[in-house]
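Let me begin by presenting the structure, written as structure tokens, before commenting on it.
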Amino acid sequence: MSKRVCMYVRVSTTKQTVENQIQVLREYSDRCGYVVTQIYSDNGISGSKGRQDRPGLDQMLKDGVQRKFEMVLVWSVDRLGRSVSHLVEVMNELNELKIDLYFNQQSIDTSTSSGRMIFGIFGCISEMERSLISERVTAGLQRAVIIVSRFLY
């Protein structure tokens, strides 16, 4: 039985087209013998936007919960997300559903051991980013307390 896959494509402006991404991903899926169940598209939407502002991405993740596909094909990592936190959030959600990801431009396939390693590295980077943000917030609060206490005494 062939693997059921979907495509996620995105362009940032309405003057661009997703057709080139679809063509490349269709050629890849044909070579692999995959069955494309759906193409999810966000046209004219920045990759820095979250799931709530990207209807194609949101629907894809909802359909993933319903097991409509086993793998998501994406032309490039930056098509799925521009911010590390959004990217890792989507990747973690798909990972929990046991849905693999394939990024054509980077040749990352999370159904392989090396692809899972890369996925793990993304997770580590995200964890470090969250940690650094927390440390900066704490340092900023401490600095604010010092400044305020100078004015009070």
Side-chain angles (χ1 to χ4, degrees), residues 1-140:
M1 187 167 149
S2 296
K3 184 179 271 194
R4 292 173 298 120
V5 301
C6 73
M7 295 179 195
Y8 176 74
V9 294
R10 182 189 63 75
V11 289
S12 300
T13 70
T14 55
K15 293 178 182 175
Q16 298 170 309
T17 178
V18 295
E19 293 308 313
N20 293 334
Q21 295 174 45
I22 292 171
Q23 179 183 348
V24 168
L25 295 174
R26 190 165 303 282
E27 289 170 2
Y28 174 77
S29 66
D30 289 347
R31 278 195 312 272
C32 294
Y34 296 156
V35 174
V36 178
T37 60
Q38 180 77 33
I39 298 174
Y40 301 93
S41 180
D42 284 315
N43 296 305
I45 300 175
S46 170
S48 64
K49 302 278 185 189
R51 174 182 178 170
Q52 67 279 2
D53 297 318
R54 293 165 63 186
L57 177 64
D58 185 54
Q59 187 60 54
M60 181 191 75
L61 293 171
K62 288 176 182 175
D63 288 350
V65 171
Q66 296 176 14
R67 308 297 303 153
K68 291 187 176 184
F69 48 84
E70 302 163 83
M71 178 183 256
V72 178
L73 308 180
V74 185
W75 185 72
S76 178
V77 171
D78 67 339
R79 298 299 87 197
L80 189 59
R82 291 266 186 196
S83 100
V84 173
S85 59
H86 286 154
L87 186 60
V88 171
E89 182 181 322
V90 171
M91 294 174 78
N92 282 337
E93 188 166 340
L94 292 171
N95 188 48
E96 287 175 19
L97 296 168
K98 305 281 191 267
I99 295 173
D100 292 314
L101 272 164
Y102 171 75
F103 297 104
N104 185 271
Q105 292 300 103
Q106 293 79 19
S107 298
I108 298 171
D109 181 347
T110 64
S111 69
T112 68
S113 55
S114 60
R116 285 187 296 277
M117 179 193 70
I118 296 297
F119 177 81
I121 291 169
F122 276 124
C124 290
I125 291 169
S126 175
E127 186 177 329
M128 185 179 104
E129 181 183 43
R130 282 190 301 273
S131 220
L132 288 172
I133 289 169
S134 176
E135 290 171 9
R136 289 181 193 133
V137 167
T138 300

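Note that the structure is a prediction, hence the values are computed from the model and not measured.
In this structure a side-chain-to-backbone donor-acceptor pair under 3.5 Å is present from Asp42 to Gly56. In this structure a side-chain-to-backbone donor-acceptor pair under 3.5 Å is present from Arg54 to Lys49.
Considering Arg10, Gln106, Gln21, Gln105 as possible partners of Ser76, the one that fulfils the side-chain hydrogen bond (donor to acceptor under 3.5 Å, both in side chains) test is Gln106.
Taking both residues in full, the closest heavy atoms of Arg79 and Val74 are given as CB-CG1, 3.8 Å, listed atom of the first, atom of the second, then distance. Nearest heavy atoms, Val18 versus Ser41: CG1-OG, 3.8 Å. Contact detail for Gly33 and Ser2: the closest heavy-atom pair is O-OG, 3.0 Å. Nearest approach of Thr37 to Cys6, heavy atoms of both residues: OG1-CB, 4.2 Å. Of all non-hydrogen atoms in Ser111 and Asp100, the two that sit nearest each other are CB-OD2, 3.3 Å. Heavy-atom minimum distance, Leu80 versus Leu101: CD2-CD2, 4.2 Å.
The ring-ring contact (aromatic ring centres under 6.0 Å, His included) search around Tyr8 returns none, not counting sequence neighbours.
Side-chain atoms of Asp53 and Asp58, non-hydrogen and from C-beta on, never get closer than 4.5 Å to each other.
Ion pairing between a basic and an acidic side chain is recognised when a charged N comes within 4.0 Å of a carboxylate O; Arg26 and Asp30 show no such pairing. Checked for salt-bridge contact, Arg51 and Glu93 meet the test: a charged N lies under 4.0 Å from a carboxylate O.
Using bins of under 30°, 30° to 60° and over 60° for the plane-to-plane angle, the ring pair Tyr102/Tyr28 lands in the parallel bin.
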Full working for side chain to side chain contact (heavy atoms under 4.5 Å, CB included) between Asn43 and Gln16: CA-CA 8 Å; Asn43 296 305; Gln16 298 170 309; over 6 Å; no
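Under 3.5 Å, the side chains of Gln23 and Glu19 contain no donor-acceptor pair of N or O atoms.
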